[in-house]
Amino acid sequence: MKALTTMLVANRGEIAVRVMRTAKAMGMKTVAVYSEADANAQHVREADQSVCIGPAAVAESYLGIEAILDAAQRTGADCIHPGYGFLSENQVFASACEAHGIEFIGPPNGAIEVMGDKARAKRAMIEAGVPCVPGYQGDDQSLVTLVAEAKSVGLPVMVKAAAGGGGRGMRLVHEASELESAIGLAQSEAQNAFGSSELIIEKAVVRPRHVEIQVFADKAGNTVYLGERDCSIQRRHQKVVEESPCPVMTSQLREAMGTAAVEAAKAVGYVGAGTVEFLLDEAGEFYFLEMNTRLQVEHPVTEMVTGYDLVEWQIRVARGEDLPAEQADIDLFGHAIEVRLYAEDPSAGFLPSTGPIKLFATPEGEGVRIDSGVETGDEVTPFYDAMVAKLITYGETREDARLKMRSALRDTALFGPLNNRDFLLDVLDRPDFIHGAATTAFIDDNFGDAFLPPGVSSSDLAVAAATQHVLAMEHHHSQSASVNEELLDWVSMGRVTDTRRYDLGEQTYDVSLVPLSVGEYEVTVNDQTHHVRITDMGDSHVITEIDGLAHRYHYHDEAPATLYLSSDNLSMMLADSTRIPPEAQDAAGGGTITAPMHGQLLSIDVAAGEAVQKGQRIAVLEAMKMQHEIIAPGDGCVVEVAASAGKQIGAGDVIMMLELDE
Ligand code: MV4
């Protein structure tokens, strides 16, 4: 038995945070490593100690074996958890840890080595009696042999790079006439991508499900399986939704797949957490694909249905303890679903989206788990994977978990980078998903290469206008001495009409708002009129009653021109083109003079053609019973006067245009 007291986590983001929480709960000290881009990241904030291991680029930081081992030595870490990705399946790193007397929390490097090579893995699995897809995984890599083997396997075939994984370096071939060129291309691609041109050939399984078995082994050789996860819903080999149990699983099939997975693990002397991936075809036959020798992103769904903490198991196994449970004790209860929230732009082919996070709000509640590595105020940088959080929900039945996930996503807001929340909500409501019928063809069948979010509704825009109006009023209120709330929506000439113009893609919406009483408005969007009441407003949420129905929205205000608003199924960034931020005005030459707030123009002090000097008063606006002087921002000349004295004017409306001197 080993006493492990200090764990270094060689990772970042949600998995680093998640691993450290269990380590801490088990009484260990935690050490974070970080790149210069992550100096203030959440995993650093939560660690007991942290060490900078280099610049932002992963090759110079999170993949830097020496810097990480050095950090372990400097902080007295006696074990390293690699998380997933980065060095988690790197046998050089695993053996280097061992050589430094540091416990690598993962399998022995022999197991990493065998499973990292598809041909070797498959040969080992066939020997162990694990069902594999029929195919060729031999040493003779000549074109003639590969083509002949593919023909004898029978088309269609999958041609895969032996050193590839997770769908990289894989191609489907339908026609015998295409074999030669497809194999040639696959060889050169594999050589470039993985430094080895070795291929394997497999019969292509049509519309399979991706079903993976969680296995666990201790150092004494006890090996168990902890049910399965169905990860069929993937987009370009990126998992989107995962769940446990698999909707079409039976207890006989689970036992057969579980036993095969345990045999697979035993055949390579496995220790710790591992995942054996299978394809499950429409006839219920299953075939070994590959084994992932790490804790996977989607492990929480297994934790929810088994009740075990898999990181706790990893630590116990690393210490040399027996597995906490025997096969006969392991049961699955209920159903868990996980979705991956990504900072990406679904409408632009799911390209990553970066930048500061203005608001990240997630729900709390029974049966809802959020694993995330960022908070409001953090930044999504272009250097790393764009996953922001995992949402996991649990229910007694699959439908309970699905409904809980819908509601959790509706209560989630991510403002700043674009994200896939609305896409995930759409996925959850597709009939194939509702019926548990999704295969690996689900995304292609249901979506194209991009996801077009639902259209904005006039009631959402009415809420946006009311929210911005209230915020502007509060702002003025806090700036003026003491104004009775009742008077906020009034100026001396009478009731204010607040007008805005929202630009959303190609569409423009003209919105006008008339206050009826405090917090109650009549809002017209293009030609549709809504009755909006603001019933509650916090720093980032607003509850409104619109035409008699209550809704909760998240918002983030970037006065004067931008409002982020997220409703049940739509996240919007609303740019109000009538309220141009001062910086933008400067950039545009600074000659457009707009009203800083709504009110009445008391006077216009200059006329078209007249010269003005910087600091000169050019107009007077009365708002909130106060007079505001409008001052020329520079020397120049009046081109046009757009407003007239004595008239009401809305915030952002143009008063006059100046041509400023250079
Ligand atoms: C296959 C296959 C069909 N037949 N192999 C893709 C990821 C990698 N782990 C293996 N993959 C596949 N291998 C044979 N012989 C179909 C896939 C596949 C897939 C697998 C799991 C989840 C999503 C997928 C999407 C497309 C193809």
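Ligands are counted one by one from 1 in listed order, and the atoms in each one are counted from 1 as well. All values derive from a computational prediction rather than experimental measurement.
Enumerated by chain and number, the residues approaching ligand 1 to less than 4.0 Å through a heavy atom are Val133, Met158, Lys160, Gly166, Gly167, Met170, Glu202, Lys203, Ala204, Val205, His210, Gln234, His237, Glu277, Leu279, Leu289, Glu290, Thr440.
For the pair Lys390 and Glu298, the salt-bridge criterion is not met [side-chain N within less than 4.0 Å of a carboxylate O]. Here Arg369 does not pair with Glu338 in a salt bridge; the nearest charged N to carboxylate O distance is not below 4.0 Å. Salt bridge status for Asp400 with Lys404: absent, with no side-chain N to carboxylate O gap under 4.0 Å.
In this structure, the ring-ring contact (aromatic ring centres under 6.0 Å, His included) partners of Phe350, at least two apart in sequence or on a different chain, are Phe423.
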- [ ] Could you walk me through whether Lys118 and Glu198 pass the salt bridge (Lys or Arg N to Asp or Glu O under 4.0 Å) test, one step at a time?
- [x] CA-CA 10 Å; Lys118 280 182 163 4; Glu198 191 181 348; over 6 Å; no
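In this structure, a donor-acceptor pair under 3.5 Å is present between the side chains of Asp38 and Tyr62.
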